[in-house]
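Here the structure comes first, spelled out in structure tokens, and everything after it is commentary.
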Amino acid sequence: MRVTMHVDGAETAAEIDRPGESLLSTLRDRLGLTGSKNACEQGECGSCTVLLDGAPVCACLVATAQCEGREVKTVVGAVPRPVRDAFVQCGAVQCGFCTPGLLVSVADLLDREPDPTDPEIREALAGNLCRCTGYEKIIDAVHTAAAALAGEPR
Amino acid sequence: MPEPVETPTPPQWAAGGVGQSPIRPDAESKVNGSFDYASDLAFEGMLWGHTLRSPHPKARIRSIDTAAARALPGVVAVLTAADVPGKLHYGLIEADQPVLAPGEVNYQGEAVAIVAAETLDLARRAAELVAVDYEVLEPLCDASKAVEAGEFFRYQPVRVGDPDTAEAAVVVAREYEVGMQDQAPLGPESGVAVPADGGLVLHVATQWLHSDLEQIAPCLGLEPERIHMAMAGIGGAFGAREDLSVQIHMAMLALRTGRPVKMMYDRAESFLGHVHRHPARMRYEHGADAEGRLVYVKAHIVLDGGAYASTSEAVVGNAASLAVGPYKVEHVGVDAWGARTNNPPCGAMRGFGGVQTCFAYESQMDALADALGLDPLEIRRRNSLAQGDQLITGQVVEAFDPAKAEDGRPFSPLRDLLGRFDDIPVPAVPAGRDIVELPGGTGNTTHGEGVRRGVGYGVGLKNICYSEGFDDYSTARVRLELVDGEPVAYVHTAAAEVGQGHWNLQQQIARTELGVERVVLLPNDTKVGSAGSSSASRQSYMTGGAVKAACEAVRELWADRDLADGPVEATRVFRHRATKPMDPVTGQGESHVQLALCVHRATVDVDVELGLVKVVDLTCVQDVGKILNPVALEGQIHGGSAQGLGLAVMEEIVTDEGRVKNASFTDYLIPTILDMPPMRLRIVENADPDAPYGLRGAGEPPTLSSTPAIVAAIRDATGLPLTRVPVRPEHLTVGRPS
Ligand code: FES
Ligand code: FES
């Protein structure tokens with residue numbers, strides 16, 4: 001079965017042989033797009049978060065077969081530069097395995113809520129596990145990114 | 001040519017040098033998705049490997065039939081113990097773990113057969129077709145019974161004075177239990193073995209390349225020179241990558257098939273495929289005089305090492321030598337065992353034997369304070385070790401700057417840290433709280449009725465680097481050459497960047513020592529000498545020390561040479577001061593290189609009706625000797641504290657007769673951003689004159705002290721004794737009318 005999607009702005013076709021194949025597996029194993037990570041493949045960690053038609057989803061829980069004609073944005077296409085820069089500058093990246101998924105979730109949050117409070121940040125990122133940072137610097141990075149984006153023409 | 005740099009004392013920090021927080025070299029690729037973790041690697045013609053594991057904690061293998069698996073189209077190899085080309089066993093300290101089970105299995109999850117196939121799916125299906133005839137046997141799962149039966153990896157006593165006759169005004173005796181914690185790094189175990197010139201290139205994510213090689217080569221029957229170990233990107237470690245996982249299996253499959261073979265565990269297999277933190281049962285008795293000064297401590301400590309040795313031996317040494325914490329006591333009787341059972345093997349996890357006893361001795365200090373009506377900080381102050389005092393092993397607390405002596409009393413690093421809390425107020429209960437800030441959070445379980453606040457402290461003492469006479473060293477090669485007329489330093493080590501920021505630190509050190517701006521890190525591999533493991537909070541000290549020494553040597557060479565005439569290069573091996581083994585009968589001996597202290601204060605809200613806990617604040621005071629990189633250091637303290645919070649209130653691998661019941665992130669919970677409170681840090685620099693830049697290892701101590709602090713705060717809120725971690729809702733609601 002052939003599925004055509006728009007992945008990070010490019011029309012991309014994948015040939016899949018299992019109806020249940022996950023979008024994460026298609027991205028990583030068939031298309032070689034390894035930016036989205038695989039820490040649980042059960043929808044528990046958020047490492048695989050992508051935007052599907054603009055909405056954040058766990059790519060490990062979405063069947064590729066359902067993605068025909070849809071728009072997929074990974075860490076490569078979903079994240080404004082200032083959000084990435086904020087993670088780098090604030091020390092929000094240690095091993096970085098959680099980072100691509102977190103960045104996509106943060107991009108989505110700031111799109112909906114340009115100046116989130118701490119509780120709003122915690123609620124929005126509750127599905128993204130990070131084992132290294134204790135989350136403090138991730139919260140710093142979200143505020144820093146919000147301030148940087150506010151200074152930019154949106 | 002720039003002027004050669006004089007040895008600066010104290011060092012003058014170059015831009016991006018030691019003491020600053022330059023951008024880490026791996027940051028950009030980690031935020032743009034291009035950083036290659038081990039699980040991201042792919043090679044032309046690559047096969048996928050998969051492991052068949054035992055469903056039984058103990059069984060004899062009568063036969064294995066691989067015919068059906070081999071017959072599946074797309075399956076290229078199915079291997080069992082009979083196919084291991086070299087030695088049948090491996091291990092970090094003792095080679096006792098079978099590469100593939102040779103006729104019996106000793107824990108659930110033990111590897112029995114391996115498969116290579118064209119896809120991962122096929123490899124998994126083929127593994128299911130391997131028919132293993134097991135004779136199921138009764139497992140030994142009770143660590144105390146194992147010890148009684150003589151099944152243990154190590155017994156280590158500590159004896160000082162006469163603990164049995166010493167008289168005390170107050171005695172507290174309790175039993176404590178620590179559940180089995182998992183490191184749960186987010187990056188799964190993974191790697192690729194690539195055949196090359198009669199040998200192999202192994203792309204692995206490991207904490208210690210050279211130790212892997214030493215264990216892998218004999219099992220493959222290959223000379224180590226024929227195996228090139230190349231570090232792949234590491235998605236966190238915390239001890240889980242100290243023991244081998246995929247390494248020998250993928251190498252065997254690559255040798256057999258002549259094709260690159262990738263192995264990658266899913267989360268369930270990851271829980272079975274690496275060692276965990278030792279669960280512990282500990283019986284403690286503390287006796288003190290009427291002022292709360294410790295007279296004696298007796299401790300009976302049983303750590304469950306599971307089926308194979310891993311690092312149990314060293315974990316027991318830590319548990320025994322650190323069994324009473326940073327407190328002065330004259331009479332000591334400690335007995336510590338690492339039991340051999342049919343439970344999952346346990347080994348290294350951040351804190352390494354220090355975590356379990358810390359929970360017990362800190363709980364005991366609080367119990368004593370309670371019995372005497374003393375403040376928890378005061379009882380710790382009265383018992384703090386000071387310069388010149390001895391640990392229970394006889395090791396003398398090192399010298400500090402004499403200027404720090406307090407009114408004629410020798411300086412006590414712990415009293416120093418405890419005093420810092422005077423200026424940090426406990427957070428006030430805010431009026432009109434958002435419901436998400438209450439226990440239960442968005443679950444909307446309370447509006448504040450039944451919620452009690454509590455405050456508690458925890459102190460942790462951790463040894464830094466390897467102890468007990470281990471010849472620990474690290475190697476660094478540094479080359480300085482002109483590139484486009486500008487001096488560039490190339491640094492080559494085998495040290496694992498597990499996320500802690502060690503690559504960044506190497507660059508900082510080279511900038512500081514050489515005064516150059518550009519520092520290029522060569523890939524970590526086995527073409528340079530061993531760096532030792534990224535564990536025991538040792539890499540800043542050890543590989544930091546090696547890079548510093550190599551830079552100093554390069555600087556000397558550079559003084560007599562014009563770089564235009566060619567590059568200068570130096571390789572240096574760095575060793576810390578020698579340590580001694582613990583005496584097998586008395587436990588005495590200068591067994592540790594360096595000691596580090598950390599103190600937490602936790603503030604919690606507990607819904608005493610539902611048993612829900614919300615940690616609302618964690619304040620941490622830690623002595624790091626010298627701050628090398630403020631941002632990275634804070635990140636270590638935050639992350640270490642989070643793992644201690646996990647052990648306090650949520651994380652435990654639950655086993656039932658040796659079977660793991662919760663091998664998933666659905667059932668094994670690690671702290672989310674909603675569970676972690678905001679943290680306040682006070683970082684103290686009591687330099688260690690023996691260590692590079694005066695630093696003290698910083699990664700582990702916060703993992704020790706946050707757990708007892710949080711549990712003490714929950715006790716304060718509930719009045720319950722709480723002698724087991726993780727504390728679960730049912731522990732908080734027992735005896736309450738429902
Ligand atoms: S990999 Fe998709 S949520 Fe964990
Ligand atoms: S940085 Fe390692 S999991 Fe988040």
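Side chains are part of it too, since the values below use all heavy atoms of this structure and drop only hydrogens, waters and symmetry mates. A note on names: the letters A, B, ... follow the listed sequences, proteins ahead of strands, and every chain is numbered from 1.
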> So, A:Q42 side chain and B:S664 main chain: donor-acceptor pair closer than 3.5 Å or not?
Replying inline: no
>> For B:A184, which atoms come within 4.5 Å of any heavy atom of chain A: side chain, backbone, both, or neither?
In response: both
>> Could you tell me if the side chain of B:I673 sits less than 4.5 Å from the side chain of A:I139, heavy atoms only?
In response: yes
>> Less than 4.5 Å to any heavy atom of chain A: does that hold for the side chain of B:E634, its backbone, both, or neither?
In response: both
> Any idea which of B:D36, B:I23, B:T672, B:D40 has the most non-hydrogen atom pairs under 4.5 angstrom with chain A?
Replying inline: B:D40
>> A quick test of your reading: do over 12 heavy atoms of other residues, nucleotides or ligands sit less than 6.0 Å from CD of B:E44?
In response: no
>> Does anything in residues 261-269 of chain B reach chain A? List residues with heavy atoms under 4.5 Å apart, or say none.
In response: B:M264, B:R267
> So do the side chains of A:R131 and B:Q183 get within less than 4.5 Å of each other, counting heavy atoms only?
Replying inline: no
>> Need one label for A:R84: side chain, backbone, both or neither, based on atoms under 4.5 Å from any heavy atom in chain B.
In response: both
> Contact part of B:D121 toward chain A, heavy-atom cut-off under 4.5 Å: side chain, backbone, both or neither?
Replying inline: side chain
>> With rounding to the nearest 0.5 angstrom, report the OH to OG distance, B:Y37 to A:S47.
In response: 9.5 Å
> Which bit of B:A642 comes within less than 4.5 Å of chain A, counting heavy atoms only: side chain, backbone, both or neither?
Replying inline: side chain
> Non-hydrogen atoms of chain B under 4.5 Å away: do they reach the side chain of A:T133, the backbone, both or neither?
Replying inline: backbone
>> Report which part of A:N128 has an atom under 4.5 Å of a heavy atom belonging to chain B: side chain, backbone, both, or neither.
In response: neither
> Where does B:T666 contact chain A at under 4.5 Å (heavy atoms): side chain, backbone, both or neither?
Replying inline: both
> With only heavy atoms counted, which part of A:L103 is less than 4.5 Å from chain B, the side chain, the backbone, both or neither?
Replying inline: side chain
>> Is it the case that over 12 heavy atoms from other parts of the model lie below 6.0 angstrom from the NZ atom of A:K73?
In response: no
>> Quick check: closest heavy atoms across B:P671 and A:L129, and the distance to 0.1 Å?
In response: O-CD2, 4.2 Å
> Can you say whether B:L186 sits under 4.5 Å from chain A via the side chain, the backbone, both, or neither, judging by heavy atoms?
Replying inline: both
> What part of B:P22 lies closer than 4.5 angstrom to a heavy atom of chain A: side chain, backbone, both or neither?
Replying inline: neither
> With a 4.5 Å limit on heavy-atom distance, are the side chains of B:S39 and A:K37 in contact?
Replying inline: no
>> With rounding to the nearest 0.5 angstrom, report the CE to CD distance, B:M679 to A:E136.
In response: 7.0 Å
> Which heavy atom in B:V631 sits nearest to a heavy atom in A:K137, and how many Å separate them?
Replying inline: O-CE, 3.4 Å
> Picking from B:R24, B:Q500, B:E28, which has the most non-hydrogen pairs under 4.5 angstrom with chain A?
Replying inline: B:R24
Distance-only donor-acceptor hits, side chain of residues 91-102 of chain A, under 3.5 Å, sequence neighbours excluded:
| from | atom 1 | to | atom 2 | distance (Å) |
| --- | --- | --- | --- | --- |
| A:Q94 | OE1 | B:Q636 | NE2 | 3.4 |
| A:Q94 | NE2 | A:C132 | O | 3.4 |
| A:Q94 | NE2 | B:G635 | O | 3.1 |
| A:T99 | OG1 | A:G96 | O | 3.2 |

> What heavy-atom pair brings A:Y135 and B:M676 nearest, and what distance separates the two atoms?
Replying inline: CD1-CG, 3.9 Å
